[in-house]
Amino acid sequence: MRPGLLPLVLMLVLVTGSWPLEQLPKDSYNINWSKFSGFWYILATATDAKGFLPSQGKGKLWASLVDIHSKGQLKVVIAVNGQQGCQAHTVMLRKDSKRPVFRNPLRGVKGFHVLATNYHYGVVCVWLGRAGREVKNLLLFSRQTTSSFLSLREFVDTAEILDLVRTVTILPKDVSCANTILP
Ligand SMILES: *[C@@H]1O[C@H](CO)[C@@H](O)[C@H](O)[C@H]1NC(C)=O
């Protein structure tokens, strides 16, 4: 996505109060998935899911392993350190046939959106939910355990517009959970 487009997309969210999947500029999906694939640390999170965030000071870095397959399939492994300790989840997402979005409704994943990336960092929003109960998880992906000012800024700005800014949590730099899914 070109940097200038994110505010535009987020304005739409703000105005319509929901994620305008159809109106999303094609650019936001015009990412090179092979380049986006691979191992990512997750340095920060913000969510409207209750009981999802680690208690203060108890967190560890999360991680994700993204793998694009042919035929529009995206395999996403995610390691999170929550109240149950370190857990890894794997989900296969499929590109919607009509809309440019990856999802797996049976597993409760309504959408995996990369809102911004330069392939060194990524601002990712994962929409989860079934039957009208939806939660969004905003994640700051990074190839390294440190974040640049620009990436953090973009993450916080996005969280603000999605009304998640009060839940922004910077995860402590403990790699013991993240490294469990290192390829
Ligand atoms: C996508 O990225 C891969 C890996 O970096 C590269 O080999 C390929 O040429 C890129 N494709 C396009 C269309 O830029």
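Here the structure is a predicted model, which is why all the values come from computation and not from measurement.
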Minimum heavy-atom separation for [X] to [Y], with atom names?
{"X": "V165", "Y": "E160", "result": "CB-CA, 3.7 Å"}
{"X": "T47", "Y": "L164", "result": "C-CD2, 3.7 Å"}
{"X": "A46", "Y": "F155", "result": "N-CZ, 4.0 Å"}
{"X": "S64", "Y": "I42", "result": "CB-CD1, 4.1 Å"}
{"X": "T146", "Y": "S142", "result": "O-OG, 3.4 Å"}

Original post:
Does L65 belong to the same Ile/Leu/Val/Met/Phe/Trp/Tyr cluster as I78, with side-chain heavy atoms less than 4.5 Å apart forming each link?
Top reply: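 Shared cluster, yes.
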Original post:
Do the side chains of V168 and F149 join up, straight or via other hydrophobic residues, at under 4.5 Å, putting them in one cluster?
Top reply: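 In one cluster with V168: F149, no.
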Donor-acceptor pair, [X] side chain versus [Y] backbone, under 3.5 Å?
{"X": "T90", "Y": "V77", "result": "no"}
{"X": "R143", "Y": "F39", "result": "yes"}
{"X": "N104", "Y": "M92", "result": "yes"}
{"X": "T169", "Y": "L171", "result": "no"}
{"X": "R103", "Y": "K110", "result": "yes"}

Distance from [X] atom [atom1] to [Y] atom [atom2], nearest 0.5 Å?
{"X": "D163", "Y": "K136", "atom1": "CG", "atom2": "NZ", "result": "7.0 Å"}
{"X": "L115", "Y": "D157", "atom1": "CG", "atom2": "CG", "result": "12.5 Å"}
{"X": "F112", "Y": "L93", "atom1": "CZ", "atom2": "CG", "result": "7.0 Å"}
{"X": "K60", "Y": "T180", "atom1": "NZ", "atom2": "OG1", "result": "9.5 Å"}
{"X": "H69", "Y": "R94", "atom1": "NE2", "atom2": "CZ", "result": "11.5 Å"}
{"X": "T117", "Y": "K35", "atom1": "OG1", "atom2": "NZ", "result": "9.5 Å"}

Does [X] reach the side chain of [Y], with side-chain heavy atoms less than 4.5 Å apart?
{"X": "T158", "Y": "L138", "answer": "yes"}
{"X": "L139", "Y": "V126", "answer": "yes"}
{"X": "L140", "Y": "S147", "answer": "yes"}
{"X": "V114", "Y": "W33", "answer": "yes"}
{"X": "V66", "Y": "I68", "answer": "no"}
{"X": "V109", "Y": "W127", "answer": "no"}
{"X": "L128", "Y": "N137", "answer": "yes"}

**OP:** Take V124 and F36 through the side-chain contact (heavy atoms from CB on, under 4.5 Å) test and state the conclusion after the steps.
**Re:** CA-CA 11 Å; V124 175; F36 191 80; 4.1 Å; yes
Original post:
Of the options W40, Y41, Y119, W62, which is the one that meets F141 in a ring pair (Phe, Tyr, Trp, His ring centres under 6.0 Å)?
Top reply: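 Passing option: W40.
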Are a donor atom and an acceptor atom from the side chains of [X] and [Y] found within less than 3.5 Å of each other?
{"X": "S37", "Y": "D67", "value": "no"}
{"X": "S151", "Y": "S148", "value": "yes"}
{"X": "Q144", "Y": "Y121", "value": "no"}

**OP:** Mark yes when over 12 heavy atoms from residues, nucleotides or ligands other than K75 sit less than 6.0 Å from its NZ; otherwise mark no.
**Re:**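 Atom NZ in K75 is not packed in, count stays at 12 or less.
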**OP:** Might you work through the side-chain contact (heavy atoms from CB on, under 4.5 Å) test for L61 and T145, ending with a clear yes or no?
**Re:** CA-CA 8 Å; L61 289 184; T145 58; 3.9 Å; yes
Subject >> Identified side-chain contact (heavy atoms from CB on, under 4.5 Å) partner of C86 from the options I181, N179, N81, V80 >> reply: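 Only match with C86 under side-chain contact (heavy atoms from CB on, under 4.5 Å): N81.
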